[in-house]
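Both counts, for ligands and for their atoms, begin at 1 and track the order of listing. On a predicted model such as this, the values are computed, not experimentally measured, just so you know.
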Amino acid sequence: MPQIEYRVRAQPDFPALGELRRAAWGESDDGGAWPAVLARSLTWVTAHDGKRLVGFVNVAWDGGAHAFLLDTTVHPEVGRRGIGTRLVRMAADAARAGGAHWLHVDFGPHLAAFYAGCGFRPTAAGLWRLR
Ligand SMILES: CC(C)(COP(=O)(O)OP(=O)(O)OC[C@H]1O[C@@H](n2cnc3c(N)ncnc32)[C@H](O)[C@@H]1OP(=O)(O)O)[C@@H](O)C(=O)NCCC(=O)NCCS
């Protein structure tokens, strides 16, 4: 496989981002919502295999100390090669450089080892299902 290229805060091809989301999450996504989402983001990181978008992570924030990791995504065809870990670590570096003091994430129990490997430590937190 060619070397993966990582880009910070570079505008992705939005239909390609929707396609990546469909492949990894199985959700319908035509990419159309992403320009407005990223306009509010502190930062984001993309991973590219040649011209193909194969990874993405978004960092939302409160405008101050707290940043929130969202939508960590790696195409299943290139999974378990360290791309997800690299995306998250680069997002943390970019969030720090952008002024954030804390990076939050939530995840299913099966991804505890993944996020621990990225650098997160467990903490008490709350999650409320609103819909
Ligand atoms: C979760 C995800 C981003 C991981 O990306 P990745 O590039 O495959 O991750 P890495 O190769 O960096 O994984 C590093 C380690 O994390 C753990 N890990 C990664 N994915 C895992 C999974 N799905 N289940 C259990 N452990 C996992 C493993 O310990 C792995 O090391 P190993 O391959 O040597 O066993 C990717 O599987 C994905 O996009 N999943 C679908 C969307 C999703 O659930 N996103 C997370 C939302 S919180």
Side-chain angles (χ1 to χ4, degrees):
M1 191 175 76
Q3 197 168 358
I4 301 296
E5 182 196 340
Y6 297 88
R7 299 177 192 156
V8 178
R9 243 189 122 77
Q11 181 175 305
D13 177 86
F14 293 114
L17 180 53
E19 175 56 37
L20 171 63
R21 294 262 312 160
R22 280 199 300 278
W25 294 79
E27 291 175 359
S28 168
D29 186 339
D30 66 3
W34 285 102
V37 171
L38 296 188
R40 297 190 296 268
S41 290
L42 172 57
T43 193
W44 62 90
V45 186
T46 52
H48 305 261
D49 179 2
K51 291 186 174 173
R52 186 179 180 214
L53 182 68
V54 294
F56 171 76
V57 67
N58 186 25
V59 182
W61 68 320
D62 68 349
H66 296 275
F68 301 83
L69 198 77
L70 294 168
D71 291 306
T72 314
T73 305
V74 172
H75 197 289
E77 288 174 5
V78 293
R80 307 300 278 261
R81 298 176 202 191
I83 297 171
T85 301
R86 181 84 186 274
L87 280 169
V88 172
R89 289 182 178 167
M90 288 185 68
D93 288 344
R96 185 185 297 109
H101 295 201
W102 297 97
L103 184 60
H104 304 249
V105 70
D106 67 83
F107 46 80
H110 67 292
L111 289 179
F114 169 71
Y115 283 107
C118 292
F120 285 92
R121 295 294 164 255
T123 186
L127 186 64
W128 187 344
R129 182 167 199 151
L130 300 177
R131 291 185 190 216

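Under the rule for a salt bridge (charged side-chain N to carboxylate O under 4.0 Å, His left out), D106 has no partner lying at least two apart in sequence or in another chain. Under the side-chain hydrogen bond (donor to acceptor under 3.5 Å, both in side chains) criterion, R52 pairs with H75, E77, not counting sequence neighbours.
Scanning both residues, I83 and A47, for their nearest heavy atoms gives CG2-CB, 3.8 Å.
Annotation: the span from W128 atom CH2 to L130 atom CG amounts to 6.5 Å, rounded to 0.5 Å.
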Would you mind listing each N/O atom of ligand 1 next to any protein N/O under 3.5 Å, plus the distance?
residue	atom	partner	partner atom	Å
ligand 1	7 (O)	G84	N	2.8
ligand 1	8 (O)	R80	N	2.8
ligand 1	11 (O)	R81	N	3.2
ligand 1	11 (O)	G82	N	2.8
ligand 1	12 (O)	T85	N	3.0
ligand 1	12 (O)	T85	OG1	2.6
ligand 1	33 (O)	R80	NE	2.8
ligand 1	35 (O)	R80	NH2	2.9
ligand 1	39 (O)	V74	N	2.8
ligand 1	39 (O)	V74	O	3.4
ligand 1	45 (N)	T72	O	2.8

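For W44 (side chain) and A10 (main-chain N/O), a donor-acceptor pair under 3.5 Å exists by modelled atom type.
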Pair up each side-chain donor or acceptor in residues 16-28 with any protein partner under 3.5 Å, not counting sequence neighbours, and list the distances.
residue	atom	partner	partner atom	Å
E19	OE1	R22	NE	3.4
E19	OE1	R22	NH2	2.4
R21	NH1	D71	OD1	2.7
R21	NH2	E27	OE1	2.9
R22	NH1	D29	O	2.4
W25	NE1	T73	OG1	2.8

